[in-house]
Protein chains: 2
Amino acid sequence: MPPSPSRVTQADVARHAGVSRTTVSFVLSGREDMRISIEARRRILGAAEELGYRPNLTAQSLRTRKTHTLGLVSDTVAGTPHAGGMIQGALEAALERDHLLYFAESGGDPAAERKLLQGMLDRQVDGLVHAAMSTGRRRPSEQMRSRPCVLLNCLDDSGEFTCVVPDEEEAGRQAVRLLLEAGHREGVHVVGGRHLTDGTPEGVYAGRERMRGVEAVMAQAGLRLGGVSECDWSAPEHGYAAVRGLLDSPRRPTAFVCCNDRLAFGVYQAACDSGLAVPRDLSVVSFDDSELASWLRPSLTSIALPHRELGRSAVSLLLSPEGPQPAVHRVPMPVRRRGSIAAPHR
Amino acid sequence: MPPSPSRVTQADVARHAGVSRTTVSFVLSGREDMRISIEARRRILGAAEELGYRPNLTAQSLRTRKTHTLGLVSDTVAGTPHAGGMIQGALEAALERDHLLYFAESGGDPAAERKLLQGMLDRQVDGLVHAAMSTGRRRPSEQMRSRPCVLLNCLDDSGEFTCVVPDEEEAGRQAVRLLLEAGHREGVHVVGGRHLTDGTPEGVYAGRERMRGVEAVMAQAGLRLGGVSECDWSAPEHGYAAVRGLLDSPRRPTAFVCCNDRLAFGVYQAACDSGLAVPRDLSVVSFDDSELASWLRPSLTSIALPHRELGRSAVSLLLSPEGPQPAVHRVPMPVRRRGSIAAPHR
DNA sequence: GTGAAAGCGCTAACAA
DNA sequence: TTGTTAGCGCTTTCAC
């Protein structure tokens with residue numbers, strides 16, 4: 001009747017060791033409360049070893065209702081170069097607690113997401129993580145409520161979920177502080193801004209938060225921004241277009257706060273075309289710390305998106321003994337000091 | 001006794017519909033061989049709907065010995081920006097066949113890999129994929145043999161596994177053909193080569209294969225390479241260092257075949273510093289087609305690593321009705337024509 | 001100290 | 001056409 005060649009079971013081990021299945025179960029699950037004779041334990045362990053016994057976690061789950069398995073569904077993080085770190089972090093934290101991870105992507109389609117979550121739920125996952133490629137507000141599927149869950153790199157409006165997001169506002173503050181420390185006062189220009197585009201008319205979470213931090217520190221120092229070039233963050237060309245003209249003007253900016261490394265790359269390209277050198281003629285500070293930052297010449301000072309740490313935190317929270325509590329956790333964004341900032345000269 | 005609030009089961013549905021559990025099972029699993037009265041079917045479906053019945057796949061698996069679940073373990077693909085496409089491809093193919101994917105990374109540590117595979121096996125996965133970040137030969141863990149499996153982006157020496165890899169040699173041929181088509185004959189220089197470094201004294205699979213393709217087409221056209229700069233592929237600076245001197249020489253190359261986009265970026269940087277323009281003064285063709293290729297000015301013609309397709313194929317093969325057969329599948333690498341190639345002028 | 005027996009939710013012979 | 005019954009491999013109560 002068994003449809004396929006079956007593996008060694010506890011029953012086999014019991015037979016081999018000359019004890020009952022119950023005893024085997026106790027010994028193999030390492031329970032101390034039932035006292036088993038040292039001799040029986042030895043025989044059982046020996047038999048298990050010899051037969052190459054491996055527990056069938058599927059059967060175990062059916063009984064215990066714990067699968068030691070988590071589900072992670074994202075819109076599209078695996079496809080986003082650096083966001084993969086979130087998965088790695090989640091994985092690490094899960095493994096440390098002996099859990100495995102189902103991973104899937106919805107591509108942003110709610111119907112697809114529901115189907116994926118359902119698949120995971122049907123497989124009795126112990127918990128769920130909903131991850132987003134870029135930080136923002138999301139409305140998690142109803143199914144998320146049927147199990148412990150946490151929102152990774154996104155916020156919800158209800159306030160009923162555990163959310164883990166980068167501390168963008170503080171990052172904005174840091175960016176400006178780096179420039180002020182180097183002696184910049186006037187001529188500080190922002191590239192990217194809130195990321196106001198047709199697709200994102202209100203801007204984007206990271207943009208709004210970073211700008212808030214940037215403006216707060218400037219105000220606090222009694223200074224004003226030289227200007228803000230609102231533009232699409234998606235590719236270097238937009239950064240290039242935003243600053244190309246500025247660089248040839250007589251009152252050109254001396255420092256740029258770029259909302260991500262791609263825009264900073266565009267600024268570098270524009271600088272090259274204008275015969276200007278970074279950081280001698282203009283300082284640049286950026287966000288994200290993608291590999292691009294270290295590839296650029298000179299290498300780019302950037303404030304990192306703590307992808308890995310976000311992933312770790314999300315799973316740690318999910319698997320914490322008390323379970324995830326409704327709250328927003330903001331993870332610090334580390335500053336990576338490199339070679340793109342110098343004192344203004346002129 | 002139930003440790004946690006239990007979900008709706010088939011028994012509940014049966015009670016509600018006034019039939020036996022068997023009948024419910026037949027109806028819900030959509031089997032046609034047992035004829036069920038239209039009326040009973042209606043009542044059962046209605047009850048299931050009303051109660052919000054969802055199958056417990058864990059229980060189902062225990063009986064059927066199929067979990068509709070696959071395991072994918074890689075060395076470190078999620079951390080490698082573009083290799084994430086492999087995961088996406090694998091995911092897509094799995095979903096199309098109603099399978100979910102366990103995903104994990106070993107970080108290249110064999111002990112960690114064994115542990116991960118064991119965890120998946122204990123959870124009764126139906127099949128296994130072993131993925132590698134960069135193409136090459138690997139010795140898969142013994143456990144891989146205990147289930148159907150395929151090697152993704154890597155080859156094994158035994159020849160007993162199904163392997164899916166990019167067709168690097170053909171890509172090498174294509175790269176040179178692009179240059180020849182544009183009119184280049186002499187002055188074609190390779191940057192990167194086999195990737196001979198301290199860590200990779202024999203070079204790297206992609207390097208060897210690409211070079212083979214490059215040299216074959218050159219020979220076939222009765223031409224010789226202007227030169228090959230063997231260097232580390234890991235960052236633009238190596239490409240920069242490799243060509244900086246060449247560009248100022250009187251007999252400077254007029255076309256570069258760069259072994260990846262990062263090296264090509266280094267060549268662009270060097271060109272900028274030498275006051276040379278791409279593609280007017282020098283043509284560049286590259287491999288990988290990372291985002292960098294489209295960010296560069298002018299955008300870079302590159303031969304893409306078909307990550308997604310690799311992932312798709314691997315899982316399709318794994319889930320094919322006959323199961324994976326020992327063989328090496330080479331996936332074509334698509335050419336992305338952009339703006340970095342022009343006729344040589346001089 | 002150890003074992004018999006029940007049951008997790010589902011499938012599938014077999015009988016009715 | 002439908003129901004009875006026996007497991008899948010494991011945990012756990014309760015009795016010996």
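Since the structure is predicted, the reported quantities are computational estimates derived from the model, not experimental observations. Every chain is numbered from 1 and lettered A, B, ... according to where its sequence line falls, protein lines coming before strand lines.
Note: CZ (A/R43) to P (C/dG1) measures 14 Å, nearest angstrom. If you take CD1 of B/I44 and P of D/dT1, they are 14 Å apart, rounded to a whole angstrom. A/R65 has its CZ atom 12 Å from the P atom of D/dT12, to the nearest Å. Atom CG in B/L28 sits about 15 Å away from atom C1' in C/dA12, given to the nearest Å. In this structure, CZ of A/R15 is placed 11 Å from P of D/dG9, rounded to the nearest angstrom. To the nearest angstrom, P of D/dT2 lies 11 Å from CZ of B/F26. Distance CD1 (A/I36) to C1' (D/dT11): 13 Å, rounded to an integer number of Å. Rounded to a whole Å, the CG atom of A/L62 is 9 Å from the P atom of C/dC10.
Contact annotation for A/A11: no contact, since no heavy-atom pair falls under 4.0 Å across all strands.
Under the 30°/60° scheme for interplanar angles, the aromatic rings of B/F103 and A/F103 are found to be tilted.
Inter-residue side-chain proximity for B/L151 and B/M144 is flagged as met; some heavy-atom pair is nearer than 4.5 Å. Side chains of A/T9 and A/D12 form a contact here, defined as non-hydrogen atoms less than 4.5 Å apart.
At most 12 non-hydrogen atoms from other residues, nucleotides or ligands lie less than 6.0 angstrom from CD of A/E49. Counting non-hydrogen atoms of other residues, nucleotides and ligands closer than 6.0 Å to CZ of B/R137 gives a total above 12.
Tested against B/T162, the residues B/V150, B/V129, B/L152 include a single side chain to side chain contact (heavy atoms under 4.5 Å, CB included) partner, B/V150. Put simply, the residue from A/C163, A/C154, A/P166 that forms a side chain to side chain contact (heavy atoms under 4.5 Å, CB included) with A/T135 is A/P166.
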Might you list the N or O atoms of the protein lying below 3.5 Å from N or O atoms in nucleotides 4-6 of chain D, with each pair's distance?
from  : atom 1 : to    : atom 2 : distance (Å)
D/dT4 : O4     : B/T22 : OG1    : 2.6

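Remark: A/S37 is in phosphate contact with C/dT2, judged by side-chain N or O atoms under 4.0 Å from OP1 or OP2. Checking the phosphate oxygens (OP1, OP2) of C/dT11, a side-chain nitrogen or oxygen of B/S25 falls inside 4.0 Å. Here B/Q124 does not reach the OP1 or OP2 of D/dG9: none of its side-chain N or O atoms lies under 4.0 Å away.
Of the candidates D/dT12, C/dT11, C/dG9, C/dG9 carries the atom nearest the B/N56 side chain, counting heavy atoms from C-beta on. Here the side chain of A/V19 is nearest to one of C/dG3, C/dG9, C/dG1, namely C/dG3. If you check D/dG9, D/dT11, C/dG9 against the side chain of B/T9, the one that comes closest is C/dG9.
Mapping B/Q10 and A/R41 onto DNA chain C via the closest heavy atom, the residue that lands nearer the 5' end is A/R41.
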